[in-house]
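This report concerns only the one structure given below.
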Amino acid sequence: DFKNSTSLIEKALELSPNKQSIIFELALNYLNIGKPSEALNILEKAYLSATDNDTSKTAYIIALISNNQDKKARQIFGNDNAIFNDPIIINAYISNKEYDKAISIYKKNLIKDPNNQDIYSAIVSIYLLAKQPNMAIQTLKSAQNKFPLLKAQIDSIIKQIQEGKY
């Protein structure tokens with residue numbers, strides 16, 4: 001369990017203060033026990049000690065998002081699509097219930113790749129998580145126009161949403 005293992009990982013970090021894998025494990029534990037600010041503190045140090053490490057960069061951005069510091073993440077890393085289009089980063093927005101940001105990223109991706117069914121599915125899923133079934137249905141109807149061969153499947157999903165089964 002995360003609470004009990006945290007003290008052991010903290011001790012391991014004392015013994016090996018620059019070991020990235022221990023830092024990431026401790027940060028994950030902090031996030032899982034509801035201590036996002038502690039995770040942010042150690043991930044910031046990890047990132048600053050190895051700014052060329054993509055894993056520490058991604059982990060730091062996730063910690064910033066988890067601490068409602070998206071603005072700071074964008075100040076530090078710019079609006080680099082390669083970073084903020086990463087599914088791991090998008091999932092951080094979803095976990096933080098910042099559904100509008102995740103949807104916005106996917107909609108921009110849809111403009112670039114309008115035939116990507118996975119993007120439509122992701123947008124629909126996020127709308128359902130955000131308890132916006134009408135927007136999910138609207139997105140499904142757009143997908144249905146784009147992919148007429150999927151009409152029967154999409155109609156079935158729309159019906160299930162309308163019946164409250166999603």
Side-chain angles (χ1 to χ4, degrees), residues 1-3 5-6 24-44 47 54-166:
D1 110 12
F2 290 110
K3 284 186 180 180
S5 63
T6 300
F24 296 144
E25 190 64 35
L26 182 56
L28 179 63
N29 268 42
Y30 283 150
L31 289 171
N32 283 316
I33 62 172
K35 294 184 174 183
S37 60
E38 284 88 342
L40 176 59
N41 290 336
I42 62 170
L43 288 171
E44 180 177 32
Y47 168 70
D54 288 338
T55 303
S56 65
K57 181 189 298 184
T58 300
Y60 182 40
I61 293 169
I62 291 169
L64 286 165
I65 292 168
S66 297
N67 280 275
N68 299 311
Q69 294 184 33
D70 174 64
K71 193 178 224 178
K72 183 176 179 179
R74 291 191 179 270
Q75 287 170 344
I76 295 169
F77 300 103
N79 284 316
D80 183 351
N81 285 338
I83 294 171
F84 290 96
N85 278 345
D86 185 325
I88 295 170
I89 301 299
I90 296 170
N91 284 335
Y93 285 121
I94 294 168
S95 294
N96 210 40
K97 297 186 179 1
E98 294 184 69
Y99 303 121
D100 56 329
K101 291 180 181 174
I103 290 168
S104 175
I105 292 167
Y106 277 126
K107 282 185 174 182
K108 288 176 186 170
N109 290 343
L110 197 57
I111 291 167
K112 294 176 194 163
D113 189 4
N115 294 317
N116 189 325
Q117 295 173 18
D118 292 335
I119 297 173
Y120 282 96
S121 294
I123 293 170
V124 168
S125 296
I126 298 167
Y127 277 132
L128 293 173
L129 281 172
K131 306 212 181 311
Q132 296 182 34
N134 291 335
M135 294 302 294
I137 290 170
Q138 183 179 335
T139 303
L140 284 165
K141 287 181 179 179
S142 294
Q144 195 173 48
N145 291 334
K146 190 78 178 165
F147 310 105
L149 294 177
L150 298 177
K151 183 179 180 353
Q153 290 172 302
I154 292 173
D155 281 341
S156 173
I157 295 168
I158 290 172
K159 184 177 179 191
Q160 289 177 4
I161 292 170
Q162 290 170 332
E163 292 173 352
K165 294 182 180 176
Y166 270 96

Nearest 0.5 angstrom please: [X] [atom1] to [Y] [atom2], how far?
X: K131; Y: L128; atom1: NZ; atom2: CG; result: 9.5 Å
X: K107; Y: K112; atom1: NZ; atom2: NZ; result: 15.5 Å
X: I61; Y: K72; atom1: CD1; atom2: NZ; result: 12.5 Å
X: M135; Y: I123; atom1: CE; atom2: CD1; result: 9.5 Å
X: S66; Y: L31; atom1: OG; atom2: CG; result: 5.0 Å
X: I65; Y: N91; atom1: CD1; atom2: CG; result: 10.5 Å

Full working for side chain to side chain donor-acceptor pair (under 3.5 Å) between E98 and N96: CA-CA 5 Å; E98 294 184 69; N96 210 40; 2.7 Å; yes
Tell me, do [X] and [Y] make a side-chain contact under 4.5 Å, heavy atoms counted?
X: Q132; Y: I126; result: no
X: S5; Y: N29; result: yes
X: F24; Y: I42; result: no

Give the minimum heavy-atom separation between [X] and [Y], together with the two atoms involved.
X: A59; Y: L43; answer: O-CD1, 3.5 Å
X: K57; Y: F77; answer: CG-CE2, 3.4 Å
X: A39; Y: A27; answer: CB-O, 3.6 Å
X: I161; Y: A136; answer: CD1-CB, 4.3 Å
X: L110; Y: N116; answer: CD1-O, 4.2 Å

Does [X] use its side chain to pair, donor to acceptor, with the backbone of [Y] at less than 3.5 Å?
X: Q144; Y: K151; value: yes
X: D113; Y: N109; value: no
X: T58; Y: D54; value: yes
X: S104; Y: D100; value: no

Test side chain to side chain contact (heavy atoms under 4.5 Å, CB included) applied to I94 and I90, step by step: CA-CA 6 Å; I94 294 168; I90 296 170; 4.2 Å; yes
ring-ring contact (aromatic ring centres under 6.0 Å, His included) pairs, two or more places apart, involving residues 82-132: Y120-F147
Candidate pair L26 and E38, rule side chain to side chain contact (heavy atoms under 4.5 Å, CB included), full reasoning: CA-CA 9 Å; L26 182 56; E38 284 88 342; over 6 Å; no
Presence of salt bridge, K159 and D155, under 4.0 angstrom: no
